[in-house]
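Presented below is the structure to which this report refers.
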Amino acid sequence: MYSTAISLSAAATAAAAVGGARPGAIRPAELRFCGLRREALGLRSLRAPPRAAATPRKAAAATGNGAAGSGGFDYDLVIIGAGVGGHGAALHAVEKGLKTAIIEGDVVGGTCVNRGCVPSKALLAVSGRMRELQDEHHMKSLGLRFQQLDMIGRLLQIMQIIWPLKFVATLTNSMKLWVWILTGFWHHCGKTKGEYGKVGFPDMKSLPEIFIIATRSVPFVPNGIEIDGKTVFTSDHALKLESVPDWIAIVGSGYIGLEFSDVYTALGSEVTFVEALDQLMPGFVPEIAKLAQRIFSIPCKIDYHTGVFASKITPAKDGKPVLIELIDVRQRNPKETTEVDAAFIATGRAPFTKGLGLENVNVVTQRGFVPVDERMQVMDADGNAVPNLYCIGDANGKLMLAHAASAQGISVVERISGKDNILNHLSIPAACFTHPEISMVGLTEPQAREKADKEGFEISVVKTSFKANTKALAENEGDGLAKMIYRPDTGEILGVHILGLHAADLIHEASNAIALGTRVQDIKFAVHAHPTLSEVLDELFKAAKVNAGVPHSVNEPVAA
Ligand SMILES: Cc1cc2nc3c(=O)[nH]c(=O)nc-3n(C[C@H](O)[C@H](O)[C@H](O)COP(=O)(O)OP(=O)(O)OC[C@H]3O[C@@H](n4cnc5c(N)ncnc54)[C@H](O)[C@@H]3O)c2cc1C
Ligand SMILES: NC(=O)c1ccc[n+]([C@@H]2O[C@H](COP(=O)([O-])OP(=O)(O)OC[C@H]3O[C@@H](n4cnc5c(N)ncnc54)[C@H](O)[C@@H]3O)[C@@H](O)[C@H]2O)c1
């Protein structure tokens with residue numbers, strides 16, 4: 001029964017060739033089931049708890065790498081979507097001995113690998129080097145001189161072809177020995193064949209135990225904005241950058257807007273931000289947003305409109321530029337019309353959850369997001385957890401980050417393998433890959449104050465700067481700060497926020513401390529190598545003052 005996995009290309013070939021139900025092959029089939037009402041459909045009832053399979057390695061070896069006997073396939077777990085969330089869940093499920101299938105309707109890797117983290121970071125890596133090489137002052141201080149290189153061609157090659165392909169292959173390879181990768185667009189019961197295009201699924205005679213929905217999100221485009229993919233576009237189009245506009249408006253100053261402004265300014269564009277909220281970078285703590293705004297705009301041509309809403313955007317046509325109509329958010333009246341060469345729409349992301357048939361199990365999405373509890377179990381309209389149905393990643397909207405999706409998947413697998421697990425979302429770090437980077441974990445100061453007021457405790461705040469850090473100075477990158485919010489009565493770290501060189505790497509000392517419950521009074525004795533950027537955090541921990549008498553959790557003499 002248990003069989004080995006096949007690669008996507010093999011799956012496609014097999015799907016085209018099949019006539020009968022051959023184990024290890026994919027047969028185009030209509031997947032008609034309602035995973036949670038199988039009994040009602042006269043299908044085999046659930047086994048609970050899920051049966052642990054023989055270790056996948058042994059099972060695969062025993063069946064001769066896919067030569068399973070005839071009959072249907074029987075999975076313990078089916079994951080819908082082979083993006084980072086689904087991939088993380090699948091690998092962990094296999095480790096736990098669960099017979100696992102992953103269904104992918106498009107390309108393995110999902111947003112992160114094909115349209116998100118990977119290609120955008122490839123762009124940032126190359127444009128960042130261009131920025132550095134073109135910064136005369138910086139180069140002079142290092143005693144170097146820049147000679148013009150043909151970087152744009154290389155840049156496009158890296159971001160469009162090499163990187164994503166490499167990562168898709170890596171992800172596919174990491175799963176293909178032990179996970180069934182099934183091509184096709186999953187949909188639920190009650191749908192008619194062909195409604196979602198061509199589907200190809202193996203002959204599922206019995207139905208899986210448990211489902212994890214790990215579908216994705218797509219760019220959210222407000223009404224009134226017309227996308228032509230060339231002069232008015234989203235990140236999906238921008239990653240296929242074919243030209244660099246002289247003047248680009250970036251609508252939205254969240255993660256995507258900021259990272260792409262970094263790319264565009266490095267490539268020589270003039271950037272105008274349009275941000276609906278009163279402050280640029282509203283998702284970041286104010287002192288970091290303010291400093292970042294100053295650092296980003298000193299060497300580049302960046303200006304901004306805040307408190308204005310892009311109500312209508314018309315693509316460039318017939319020699320006319322892109323037109324952006326702005327509305328004053330407070331007064332709700334038209335403010336001005338801006339003309340630019342291109343407009344990049346970075347106004348958030350919307351869940352991609354239509355067509356899953358969730359209504360059949362009494363689940364009502366919230367603005368498209370699948371409601372889940374703290375264990376990622378899907379909640380129905382009456383507030384009850386739907387048995388054996390989970391949702392992870394962007395589709396549940398808890399935290400739209402690749403590593404959060406994967407961590408949620410691992411947490412679900414832990415639970416379904418019998419070990420209850422609640423992921424502490426406050427320990428999940430986030431990073432914005434600008435130059436310099438911004439990172440954060442846990443609460444902001446206002447959030448911490450609100451919690452403190454409610455629960456009746458004090459908070460304290462400490463800050464350090466990159467200016468005194470030897471490594472940062474040696475790199476000529478002394479701009480930046482780190483801030484920590486903590487409880488002086490217990491030493492608990494509530495939040496850390498960093499702006500500066502390699503902030504995205506530095507944050508992990510803090511996020512691990514929060515995840516593991518390490519207190520300030522303990523971590524301040526941890527030794528950091530010199531000279532390293534990690535000393536910025538060392539200084540931060542050492543600057544924190546914990547109330548006298550607060551016990552250490554390690555090496556503290558315990559009073560009798
Ligand atoms: C430009 C950009 C840059 C980003 N950079 C970062 C970053 O630096 N760091 C970070 O942490 N996050 C980043 N993100 C966010 C990150 O990409 C997402 O949070 C992450 O990919 C979400 O993972 P997921 O598993 O939920 O969905 P995805 O990775 O998108 O995977 C979902 C998969 O499900 C498939 N699917 C959907 N519906 C069905 C169906 N019905 N049947 C079968 N298959 C289906 C899709 O085809 C897709 O492959 C970025 C996003 C963007 C857009
Ligand atoms: N490095 C990373 O981890 C990374 C990188 C990219 C994306 N992401 C993920 O992708 C998600 C989406 O990113 P994003 O930057 O698109 O969204 P976002 O929610 O971070 O920012 C959107 C911004 O657009 C503004 N806005 C919305 N409509 C507007 C309008 N009509 N006119 C003017 N301003 C408007 C909002 O006020 C907000 O500041 C994020 O939640 C993030 O988790 C992460």
Side-chain angles (χ1 to χ4, degrees), residues 31 79-89 102-121 123-124 171 182-188 196 199 213-225 234-236 238-239 249-260 273-284 305-313 324 326-327 329 345-357 391-397 399-406 408-409 428-434 437-439 504:
L31 190 66
I79 300 163
I80 322 296
V84 270
H87 175 257
I102 195 162
I103 296 175
E104 174 52 56
D106 188 6
V107 189
V108 168
T111 306
C112 180
V113 171
N114 300 294
R115 287 174 295 272
C117 331
V118 173
S120 66
K121 265 80 248 178
L123 255 179
L124 279 159
L171 247 71
L182 316 176
T183 44
F185 206 85
W186 183 82
H187 56 102
H188 229 276
Y196 294 98
V199 287
I213 296 170
T215 57
R216 60 195 182 97
S217 66
V218 290
F220 164 74
V221 179
N223 285 338
I225 297 180
T234 67
S235 59
D236 282 358
L239 293 164
I250 298 186
V251 185
S253 62
Y255 285 82
I256 294 183
L258 285 174
E259 290 186 355
F260 275 90
F273 272 110
V274 174
E275 171 54 56
L277 296 181
D278 281 344
Q279 172 205 323
L280 207 63
M281 307 181 215
F284 301 86
H305 301 276
T306 51
V308 289
F309 198 78
S311 59
K312 187 165 189 244
I313 302 188
I324 306 184
L326 300 175
I327 285 183
V329 171
I345 312 306
T347 45
R349 294 186 58 86
F352 184 69
T353 54
K354 270 205 181 129
L356 295 173
C391 177
I392 60 170
D394 284 10
N396 72 30
L399 199 52
M400 288 178 139
L401 295 171
H403 46 282
S406 182
Q408 289 173 356
I428 299 179
C432 187
F433 294 85
T434 41
E437 293 167 349
I438 307 173
S439 62

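In listed order, ligands and their atoms are each counted from 1. Keep in mind that the numbers below use all heavy atoms, side chains included, and drop hydrogens, waters and symmetry copies.
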Show the distances, to 0.1 Å, for all pairs joining an N/O atom of ligand 2 and a protein N/O atom that are shorter than 3.5 Å, listing one pair per line.
from     : atom 1 : to     : atom 2 : distance (Å)
ligand 2 : 1 (N)  : Glu259 : OE2    : 2.8
ligand 2 : 1 (N)  : Ala431 : O      : 2.6
ligand 2 : 3 (O)  : Ala431 : O      : 3.3
ligand 2 : 15 (O) : Tyr255 : N      : 3.2
ligand 2 : 15 (O) : Ile256 : N      : 2.9
ligand 2 : 16 (O) : Gly348 : N      : 2.9
ligand 2 : 17 (O) : Gly348 : N      : 3.4
ligand 2 : 31 (N) : Ala310 : O      : 3.4
ligand 2 : 32 (N) : Ala310 : N      : 3.1
ligand 2 : 34 (N) : Ala276 : N      : 3.0
ligand 2 : 37 (O) : Glu275 : OE2    : 2.6
ligand 2 : 39 (O) : Glu275 : OE1    : 2.8
ligand 2 : 39 (O) : Glu275 : OE2    : 3.1
ligand 2 : 43 (O) : Met400 : O      : 2.6

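Taking the six-membered ring wherever Trp is involved, the centroid distance between the rings of Tyr255 and Phe260 does not fall below 6.0 Å.
Ser253 pairs by the side chain to side chain donor-acceptor pair (under 3.5 Å) definition with Glu275, not counting sequence neighbours. For Arg115, the salt bridge (Lys or Arg N to Asp or Glu O under 4.0 Å) partners at least two apart in sequence or on another chain are Asp106. Shown here are the ring pair (Phe, Tyr, Trp, His ring centres under 6.0 Å) partners of Phe273, two or more places apart in sequence or in another chain: there are none.
Proximity of Ala405 to ligand 1, defined as any heavy-atom pair under 4.0 Å, is confined to the side chain (atoms from C-beta onward).
Put simply, the side chain of Val308 reaches to within 4.5 Å of the side chain of Val274, judged on heavy atoms. Considering only heavy atoms from C-beta on, Thr306 stays 4.5 Å or farther from Asp278 through its side chain.
In this structure, Arg216 forms a cation-pi arrangement with Phe352, its terminal cationic atom sitting closer than 6.0 Å to the ring centre and no more than 45° off the ring axis.
Checking Gly397, Gly116, Ala402, Cys112 against atom 10 (C) of ligand 1, the nearest heavy atom belongs to Ala402. Nearest-heavy-atom check against atom 5 (N) of ligand 1 across Glu104, Lys121, His87 picks out Lys121.
Some N or O of Thr111 is nearer than 3.5 Å to an N or O of ligand 1, by distance alone. Remark: ligand 1 and Leu401 share an N or O pair separated by less than 3.5 Å (distance only, no angle test). Between His403 and ligand 1, a contact under 3.5 Å exists for at least one N or O pair. At least one N or O atom of Asp394, backbone or side chain, sits closer than 3.5 Å to an N or O atom of ligand 1. Every N/O-N/O distance between Leu239 and ligand 1 stays at or above 3.5 Å.
Proximity of Val107 to ligand 1 is established by a heavy-atom distance of less than 4.0 Å.
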